[in-house]
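Just so it is clear: chains get the letters A, B, ... in the order the sequence lines come, proteins before strands, and each one is counted from 1. Remember, predicted model here, so these are calculated numbers, not experimental data.
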Amino acid sequence: MLKYLIEKEFKQFFRNTFLPKIVIALPFFATLIFPLVANYDIKNINLSIVDNDKSSYSSQLIRKIESSGYFRITDVSSTYSSALKSIEENNSDIILEIPNHFEVDIVKEGEAKVLISSNTVNGIRGGLGSAYLNAIISDFNSKIRSGLMQIIKGKQVPSLEIVPMFKFNPRLIYRVFMIPAIMVMVLALICGYLPALNIVAEKESGTFEQMNVTPVRKIHFILAKLIPYWVVGFVVLTICFFSAWVFYGFLPVGSFITLYVFTSLFVLAISGFGLVISNYANTLQQAVFMIFFFVITFIFLSGLYTPVASMPKWAQFLSNFSPLKYIIMVFRLVYLKGSTIPDLIIPFFSLIGFAIFFNGWAILSYHKKN
Amino acid sequence: MIILLLLPIVLLVLFGFIMSYEVKNISFAVYDPSRDIATQGIVNKISMNEYFIFSGYLDSPKQIEKVFRSGNIKLVIVFSERFYENIMHTGDAQVQLITDGSDPNTASMVTVYATNLIILYQQELMGEMKITYQIKPEIKFLYNPTLKGSYNFVPGVMGMVLMLICAMMTSVSIAREKELGTMEVLLVSPLKPIQIIISKVVPYFFISIVNLTTILLITVFVLDMSIHGNLLLLILISLIFIFVSLSIGLLISSVVDKQMVAILISGMVLMLPVIMLSGMMFPVENMPFILRWLSEIIPAKWYMNAIKKIMIQGLGFSFVLREFFVLSSMAIILIFASVKRFKYRLE
């Protein structure tokens with residue numbers, strides 16, 4: 001019985017001219033294009049400089065900032081208000097104002113101020129940019145200080161060296177962080193949307209009722225809807241792996257088998273979720289909106305874009321209920337750090353839990369009567 | 001229908017509260033072979049900071065790899081030997097800040113925070129020794145002093161919700177009528193085609209207006225963001241954008257006969273570019289040339305820029321002239337195209 005039902009699903013799938021193309025094209029293009037787009041590298045921060053001092057110190061400082069590689073000087077203004085104008089016109093992100101008598105104040109008074117104003121509409125750019133600038137200034141500060149101290153007193157200055165080191169991704173390439181998550185996103189979109197839309201489309205065209213009057217058992221019906229998308233999930237994932245390798249030479253440190261094992265659980269969970277939605281929606285429009293709503297909530301709670309640790313407490317708690325959180329974690333750990341299944345026991349059982357929960361719910365909420 | 005009114009609210013709350021750029025609750029471990037007053041001082045300084053949580057000392061450098069693999073530790077601080085002595089005399093004292101680079105921005109954020117704290121410690125040490133020649137940077141955050149993520153996302157959510165409701169709903173509902181055959185009934189009725197189009201569009205127009213109002217109310221009262229610019233200007237720009245989205249919806253429905261295809265087209269071809277390319281999630285300036293160019297033709301990008309300027313930066317009409325003209329011309333072109341293309345007959 002199940003065999004015929006599955007055969008029917010596959011026929012239905014391939015008869016549609018659009019679906020097979022989506023299943024092939026979406027993962028392919030997503031892995032090609034998204035990593036280019038989803039690039040949060042904070043480089044080339046545009047700096048507007050107001051140098052009221054025009055001394056040798058101020059020009060040394062400006063040269064130091066320019067050579068740091070983070071900043072691009074796009075505007076040199078004579079007053080703060082005209083620099084502010086360049087921020088308003090989006091020509092610069094940060095203003096550095098060096099006050100009058102900057103050099104004289106350092107040498108004579110022992111203290112001078114500089115003003116950093118950053119545009120923080122985009123918080124990460126503005127915040128990180130001004131922190132970089134701060135670090136460069138204090139580095140500059142300790143250089144000139146030790147110069148001055150030696151000239152004047154000949155006394156040692158306490159000094160230490162700070163060496164940053166980035167593990168697993170030493171050059172901090174953002175792409176490496178996004179690609180595994182993008183694969184998961186594509187999986188969630190295809191394997192979550194399609195089963196739900198498939199059933200609701202059957203409801204709308206009336207074939208669903210025909211199905212209901214047959215002696216097919218509920219569990220067989222649900223299984224017949226699940227298994228094809230399970231297969232589709234593997235196809236999608238393989239295409240993702242392949243194009244990540246071809247375009248970006250990106251291969252996991254861990255093993256593909258671990259990834260496939262976790263994917264098989266995740267696809268079961270997310271397709272089960274799609275089936276639950278389809279049991280409650282009567283029109284395609286409703287189904288689309290419900291899924292869109294939940295998938296987007298899952299995605300944002302999952303830590304795909306912003307780390308879970310920086311969310312408020314209630315959101316951290318809610319994020320435990322997003323299946324995407326676990327699978328994205330697994331993909332990133334396996335791809336970047338080469339973790340193995342024993343390291344990933346918690347996500348493993350969580351995903352099994354989700355799969356059982358959603359599919360159980362799908363079977364229970366599916367009624368053969370209207 | 002309720003979900004249409006609920007969706008913008010939930011999206012806003014999600015974006016407003018969850019999407020935070022601040023890296024908080026950073027657990028860090030320390031490997032410290034010196035254990036002297038300077039290393040104590042630095043560890044204390046960092047532990048006292050609200051962003052950092054001290055999770056313990058490591059016994060050997062071998063443990064560093066292990067703590068990273070288990071996932072929770074974001075930063076390991078490694079001090080060199082005889083740290084204090086070296087600070088004061090040889091200048092060879094070294095602090096290594098090892099972070100988990102698999103999340104690049106968190107890693108650089110953590111490094112910068114920790115570096116600034118260590119520098120602060122160093123300055124205090126010098127203060128005790130009465131060493132001067134200090135440059136004190138004064139940092140001012142314009143427009144968004146608490147670095148809330150919502151400032152960047154609210155305009156994006158507005159663009160996304162309006163696009164979703166206007167374009168997707170219109171195209172799907174027309175495709176639905178075609179699929180069910182009721183479109184035929186309408187077309188043979190004595191109604192003029194333009195009347196059919198208008199009556200299809202008007203309900204979604206009103207829903208968008210309602211959504212716009214709720215979004216603005218939530219932004220002001222729940223997310224605590226005030227509207228700095230002119231409210232009328234904001235509404236004017238939004239209306240133009242709504243017209244653009246509605247005509248895109250009509251255009252899609254004129255090409256499409258099946259709901260499923262309408263959904264997929266508006267989902268994949270409209271929603272994804274709006275989310276990915278409009279600059280809402282990811283900075284446009286980092287994209288390769290072709291995509292940057294492509295982002296120029298996305299209406300939502302122009303709309304978002306205008307909203308940011310008006311709402312957050314509080315700028316006047318003269319600053320949004322460009323956005324205004326681009327959106328208006330898009331609206332005119334699209335309305336003409338969709339009315340012209342709208343099929344009055346079924347094949």
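- Between Glu88(A) and Lys309(B) the shortest heavy-atom distance is O-CE, 4.1 Å.
- For a residue to count as touching a neighbouring chain, one of its non-hydrogen atoms must lie under 4.5 Å from one of that chain's; by this rule Leu315(B) touches chain A with the side chain only.
- Looking at Met160(B), only its side chain comes within 4.5 Å of chain A, counting heavy atoms on both sides.
- Taking Ser138(A), Ser319(A), Ala315(A) one by one and counting their heavy-atom pairs under 4.5 Å with chain B, the maximum is reached by Ser138(A).
- Annotation for Ala131(A) and Asn116(B): closest pair O-ND2, 4.0 Å, computed over non-hydrogen atoms.
- Just one of Ile290(B), Leu291(B), Leu294(B) meets the side chain to side chain contact (heavy atoms under 4.5 Å, CB included) condition when paired with Ile33(A); it is Leu291(B).
- Within the 4.5 angstrom heavy-atom criterion, atoms from both the backbone and the side chain of Thr115(B) approach chain A.
- Neither the backbone nor the side chain of Tyr193(A) has a heavy atom closer than 4.5 Å to any heavy atom of chain B.
- With respect to chain A, the highest number of heavy-atom pairs below 4.5 Å among Val76(B), Val95(B), Ile64(B) belongs to Val95(B).
- The part of Gln316(A) that comes within reach of chain B is its side chain, from C-beta onward, which places non-hydrogen atoms under 4.5 angstrom from that chain.
- In terms of non-hydrogen atom pairs under 4.5 Å with chain B, the most contact-rich of Ala30(A), Ser117(A), Ala201(A) is Ser117(A).
- Of the two parts of Arg292(B), neither the backbone nor the side chain holds a non-hydrogen atom closer than 4.5 Å to a non-hydrogen atom of chain A.
- Note: Ile119(B) CD1 to Asn141(A) CG = 9.5 Å, rounded to the nearest 0.5 Å.
- Within 6.0 Å of the CG atom in Leu321(B), the count of heavy atoms belonging to other residues, nucleotides or ligands exceeds 12.
- Heavy-atom distances place the side chain of Thr106(B), and not its backbone, under 4.5 Å from chain A.
- Using a 4.5 Å cut-off between heavy atoms, Phe140(A) touches chain B through its side chain atoms alone.
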